[in-house]
Amino acid sequence: MYEDEDIVNRIASESTFSKQDIRSMLEKCKEDYPSGTLTKDDFASLFSESFHQKNAAAFSELLYNVFDKDNDGSVDFVELLCGLALFSEGATYEELLNLAFEICDLNKDGTVDLKELVNFIASVYALHPSKRKQSKQLAQEDARRLYAKMSRNRKVRVKQPEFTRIISKDPFGRYIVKLLSGE
C-alpha cells in the first residue's frame, strides 16, 4: 500500500478515481519510475501507450507542460494522476475548456496568442485518425478564424475568460474540445 494516505486522499478529492485505484496506480508508478518522477521522454512513451496514439509527440509535450504544475521540469506521481483524472469519464465540459486553455498557454502567462492556438489545434488533429491527414496549413486556417473571434478588439493575446467564452459558443471550438475528450 502507498505510504502517504494524504496523497491518496488529495488525488481522490480532485478526481473520479477510487482510493484503491489510486493506490494501485501509485504502486505501478513506483515500479515503473523508481525516481518518483517522469521525464518528458517517459511521459511521451506513457501517453502513447496509454492512449494508443502513435502520433502523440506534439500533444504529449503540450500536456507535459500542463501536468508539471510546480514547473520543476518533471511530472511527479501526484501531478500525473491529477492530470489523468481530467481524461477520465468524470471530466466536465468546463474542466475540458480549462484544460484546453492550459494546454494552449505554453508560456503559462495566463494568455493565449495565435501561435499557441495553432500548436494546440495541430496537435489535437494529430491524435485523431480522421484529422491526422489535415495539414498544418488547415490548423493555421482554423486557428486564425477562431482567434479572430477571440481577439475582436485586436488584442495580441487573449485571456482565459474570452478564450473559454468563444470556444464554448463556436461550433468548431466545441468540436476541438470534443476531440480533446477523446470522443
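- Side-chain atoms of S45 never come within 3.5 Å of backbone atoms of D41 as a donor-acceptor pair (strictly under, hydrogens ignored).
- Annotation: side chain of L81 is in contact with side chain of L26 (closest heavy-atom distance under 4.5 Å).
- Rounded to the nearest 0.5 angstrom, I22 CD1 and C29 SG are separated by 11.5 Å.
- For the side chain to side chain contact (heavy atoms under 4.5 Å, CB included) test, residues two or more places apart in sequence or in another chain that qualify with D72 are D68, D70, S74.
- With sequence neighbours excluded, no residue satisfies salt bridge (charged side-chain N to carboxylate O under 4.0 Å, His left out) with K115.
- Listed here is the closest heavy atom pair of D142 and F172: CB-CZ, 3.4 Å.
- Legend: residues meeting salt bridge (charged side-chain N to carboxylate O under 4.0 Å, His left out) with E141, ordered by chain and number and at least two apart, are absent.
- Y93 places a side-chain heavy atom less than 4.5 Å from the side chain of S168.
- K40 places a side-chain heavy atom less than 4.5 Å from the side chain of N65.
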- Item | Audit row: T164, N98, side chain to side chain contact (heavy atoms under 4.5 Å, CB included) steps and yes/no | CA-CA 7 Å; T164 55; N98 291 335; 4.2 Å; yes
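- Note that CD of E61 is 12.5 Å distant from CD1 of I103, once rounded to the nearest 0.5 Å.
- With sequence neighbours left out, L114 forms a side chain to side chain contact (heavy atoms under 4.5 Å, CB included) with V118, A143, R144, Y147.
- Among residues two or more places apart in sequence or in another chain, the salt bridge (charged side-chain N to carboxylate O under 4.0 Å, His left out) test is passed with R174 by none.
- Comment: E102 engages K69 in a salt bridge, judged by a side-chain N to carboxylate O separation of less than 4.0 angstrom.
- The line from CD1 of I166 to CG of L97 is 12.0 Å long, rounded to the nearest 0.5 Å.
- Partners of D21 according to the side chain to side chain donor-acceptor pair (under 3.5 Å) rule, which considers only residues two or more places apart in sequence or in another chain, are S18.
- Side chains of L62 and L106 form a contact here, defined as non-hydrogen atoms less than 4.5 Å apart.
- Taking the side chain as every heavy atom from C-beta outward, E5 and R23 approach each other to under 4.5 Å.
- By the neighbour-count criterion of 12 heavy atoms within 6.0 Å, atom CD of Q160 is densely surrounded, having more than that number from other residues, nucleotides or ligands.
- A search for ring-ring contact (aromatic ring centres under 6.0 Å, His included) contacts involving F163 returns F101, not counting sequence neighbours.
- Under the salt bridge (charged side-chain N to carboxylate O under 4.0 Å, His left out) criterion, K108 pairs with no residue, sequence neighbours left out.
- For residues 77-86, no residue pair satisfies the salt bridge (charged side-chain N to carboxylate O under 4.0 Å, His left out) rule, not counting sequence neighbours.
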**OP:** Kindly indicate, with the supporting measurements, whether the criterion side chain to side chain contact (heavy atoms under 4.5 Å, CB included) is fulfilled by M25 and L80.
**Re:** CA-CA 10 Å; M25 288 185 279; L80 177 66; over 6 Å; no
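- The pair D6-R10 does not count as a salt bridge, with every side-chain nitrogen at least 4.0 angstrom from each carboxylate oxygen.
- Atom CZ of residue F77 and atom CD of residue E27 lie 9.5 Å apart, to the nearest 0.5 angstrom.
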**Item:** Worked verdict on I176 versus L146 for side chain to side chain contact (heavy atoms under 4.5 Å, CB included)
**Value:** CA-CA 11 Å; I176 289 294; L146 197 55; 5.5 Å; no
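- In this structure, C104 and E116 approach most closely via the heavy-atom pair O-CB, 3.0 Å.
- Every residue was checked against the side chain to side chain donor-acceptor pair (under 3.5 Å) condition with S13, not counting sequence neighbours, and none meets it.
- Take D109 and apply the side chain to side chain contact (heavy atoms under 4.5 Å, CB included) test, not counting sequence neighbours, and it matches D105, N107, T111, R157.
- For D42, the side chain to side chain contact (heavy atoms under 4.5 Å, CB included) test picks out Y33, L38, T39, with sequence neighbours left out.
- Look at K159 and E162 and you find no salt bridge, because none of the NZ, NE, NH1 or NH2 atoms lies under 4.0 Å from a carboxylate O.
- Within the 4.5 Å cutoff, the side chain of V112 has no heavy atoms near those of the F120 side chain.
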Point to revise | side chain to side chain contact (heavy atoms under 4.5 Å, CB included) between D170 and R145, intermediate numbers included | key: CA-CA 10 Å; D170 183 79; R145 185 191 57 71; 3.3 Å; yes
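- The CG atom of L96 sits 12.0 Å away from the CD1 atom of I167 when rounded to the nearest 0.5 Å.
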